[in-house]
**Student:** 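My structure is below; once you've seen it, I'll send some questions.
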Amino acid sequence: MNISVPRRVTAVAALAALALGGLTGTTASANPAAAAAPDIPLANVKQHLTDLQSIATANGGNRAHGRTGYKASIDFVKAKLDAAGYTTTVQTFTSGGSTGYNLIADWPGGDPNQVLMAGSHLDSVTSGPGINDNGSGSAAVLETALAVARAGYQPSKHLRFGWWGAEELGLVGSKYYVAQLPSTERAKLSGYLNFDMIGSPNPGYFVYDDDPTIETTFKNYFAGIGVPTEIETEGDGRSDHASFKNVGIPVGGLFTGASRVKSSAQVQKWGGTATAFDRCYHSSCDTTSNINDTALDRNSDAIAHAIWTLSAGTTTPPGTVFENTADVSVPDNGAAVTSTVNVTGVTGNAPSNLAVGVDIVHTYRGDLVVDLVAPDGSVYSLSNRSGGSADNIVQTFTVNASSEVANGAWKLRVQDKASADTGYINNFKLTFP
Ligand code: DTR
Ligand code: CA
Ligand code: ZN
Ligand code: ZN
């Protein structure tokens, strides 16, 4: 039986412990500075492009609005996001007599009144597979979203990602999305980042000159890796950010060029040739061979940098533990009792896979009703008179607590509902993955 009370480790000690290989069984109130973005693996982004190419090949050579290849592209991206724990929504609209689709993916958590959004159009033209235009943007945004999930990133702001239909017909999908968004919801969007053609074979590095904070964020990234950038001058109105800008939402984005010809000065700056940035723009040759890997990698990492920087979140170190080791006696056939842990220093909401460690010593577990009570009073049933005459409940439950604010007093509530056997709470632990 352990009678020690919850031990608090100062943030510094907690971080030191984490640095030394993780905390061991004590309360951590680590509150790290805003975390740096992870590197986005180029191989993963290119695999998405290969998959999109396969989809086009299997569907008449394109992924255009109204064609089977586009819906197959939506299904492909959605499946990966669902598997990663996103809340996805497919929005339908009609254009040119055909059904169009937008895919919206929300990362659970963050301040719902401050939404940072990133997006790209997923449709191609009918003449080709659209791997640079715009598989490149779609794949990079997808991989960044998957990196958020891998990191267990809990940003201050709520993260949302979008893949738009029928951009090539005139920004139709993103215009529909914005038009359908109530003004109260539009007001919550702190920024929209757009990525349309970010892997051009003869690349330039262009930054949209719209919202200054977003523009600076991107410029700083490229300056940090020693890559000069230019302001995107032809971008206004030319891609989905225009749909958001037109209703006053701050926008930004990246672009590596389309059919325009790279100048000799730009060749001096970026290398390549004084030819089109993308000679396969809107052509059948816009395939997986129509990609410059360096440009795709740099822009993918720039997207992650912007998401992490502009969402001002922190990554809860994997395995952050909050626990209460004090014993609490459970009265036989009596009133409910509780053990409490106070979660601090975790930004945003709790995760969808919160690990709830329960350790109850008892001679008849079937007597017990065991609940997790969130700081706002929400009740999550863990065990309800189950297990019969077996001894003890020593188990880790995985709870989807993503609708709960993480910080606050979480309680393990236990009640013995039958006479003749009794016991005590030995340990109650919450682990943030
Ligand atoms: N309209 C985009 C390509 C495009 C052309 N100029 C810009 C500037 C900024 C972003 C995108 C573009 C398309 O064909 O999808
Ligand atoms: Ca990378
Ligand atoms: Zn296009
Ligand atoms: Zn495009």
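Numbers for residues simply follow the sequence, beginning at 1. Counting convention: from 1, in listed order, for ligands and their atoms alike.
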**Student:** At less than 4.0 angstrom from any non-hydrogen atom of H121, what atoms of ligand 1 do you find?
**Tutor:** 15 (O)

**Student:** Enumerate the atoms of ligand 1 whose separation from the nearest heavy atom of E167 is less than 4.0 angstrom.
**Tutor:** 1 (N), 2 (C), 13 (C), 15 (O)

**Student:** Identify, by atom number and element, the atoms of ligand 1 in contact range of M197, meaning under 4.0 Å from any of its heavy atoms.
**Tutor:** 3 (C)

**Student:** For H282, state whether at least one heavy atom is located under 4.0 Å from any atom of ligand 1.
**Tutor:** yes

**Student:** What's the atom name of the N, O or S in D297 nearest to the Ca ion (ligand 2)?
**Tutor:** OD1

**Student:** List ligand 1 atoms under 4.0 Å from E168, heavy atoms only on the residue side.
**Tutor:** 13 (C), 14 (O), 15 (O)

**Student:** Between ligand 1 and H241, is the shortest N or O to N or O distance under 3.5 Å?
**Tutor:** no

**Student:** Testing the 3.5 Å rule here: is there a donor-acceptor pair between the side chains of T217 and T309?
**Tutor:** no

**Student:** For the Ca ion (ligand 2), decide whether I40 has an N, O or S atom at a distance under 3.0 Å.
**Tutor:** yes

**Student:** Heavy-atom distances under 4.0 Å are what count here, so tell me which part of N134 touches ligand 1: side chain, backbone, both or neither.
**Tutor:** neither

**Student:** Given the Ca ion (ligand 2) as the apex, I'd like the angle to OD2 of D301 and OD1 of D39, rounded to 10 degrees.
**Tutor:** 80°

**Student:** Are the ring centres of F255 and Y208 closer than 6.0 Å?
**Tutor:** no

**Student:** Hey, can you tell me if Y176 and F93 have their rings parallel, tilted or perpendicular (30° and 60° cut-offs)?
**Tutor:** tilted

**Student:** In terms of relative ring orientation, are Y86 and F161 parallel, tilted or perpendicular, with 30° and 60° separating the classes?
**Tutor:** perpendicular

**Student:** Near the Zn ion (ligand 3), which protein N/O/S atoms fall under 2.8 Å?
**Tutor:** D133 OD2, E168 OE1, E168 OE2, H282 NE2

**Student:** State whether the shortest distance between N or O atoms of D196 and N or O atoms of ligand 1 falls below 3.5 angstrom.
**Tutor:** yes

**Student:** Using only heavy-atom distances, determine whether the side chains of N349 and E404 contain a donor-acceptor pair under 3.5 Å.
**Tutor:** no

**Student:** Would E232 count as being in polar contact with ligand 1, using the rule that some N or O on each side must be under 3.5 angstrom apart?
**Tutor:** no

**Student:** Checking the N or O distance criterion of under 3.5 Å, is ligand 1 in contact with S239?
**Tutor:** no

**Student:** Which bit of F206 is near ligand 1, meaning a heavy atom under 4.0 Å away: side chain, backbone, both or neither?
**Tutor:** neither

**Student:** Measure from NZ or CZ of K71 to the centre of the six-membered ring of Y101 and say whether it is under 6.0 Å with the direction within 45° of the ring axis.
**Tutor:** yes

**Student:** Between F206 and F277, is a ring-ring contact (aromatic ring centres under 6.0 Å, His included) present by the stated rule, with each step listed?
**Tutor:** CA-CA 11 Å; F206 297 99; F277 291 100; 5.5 Å; yes

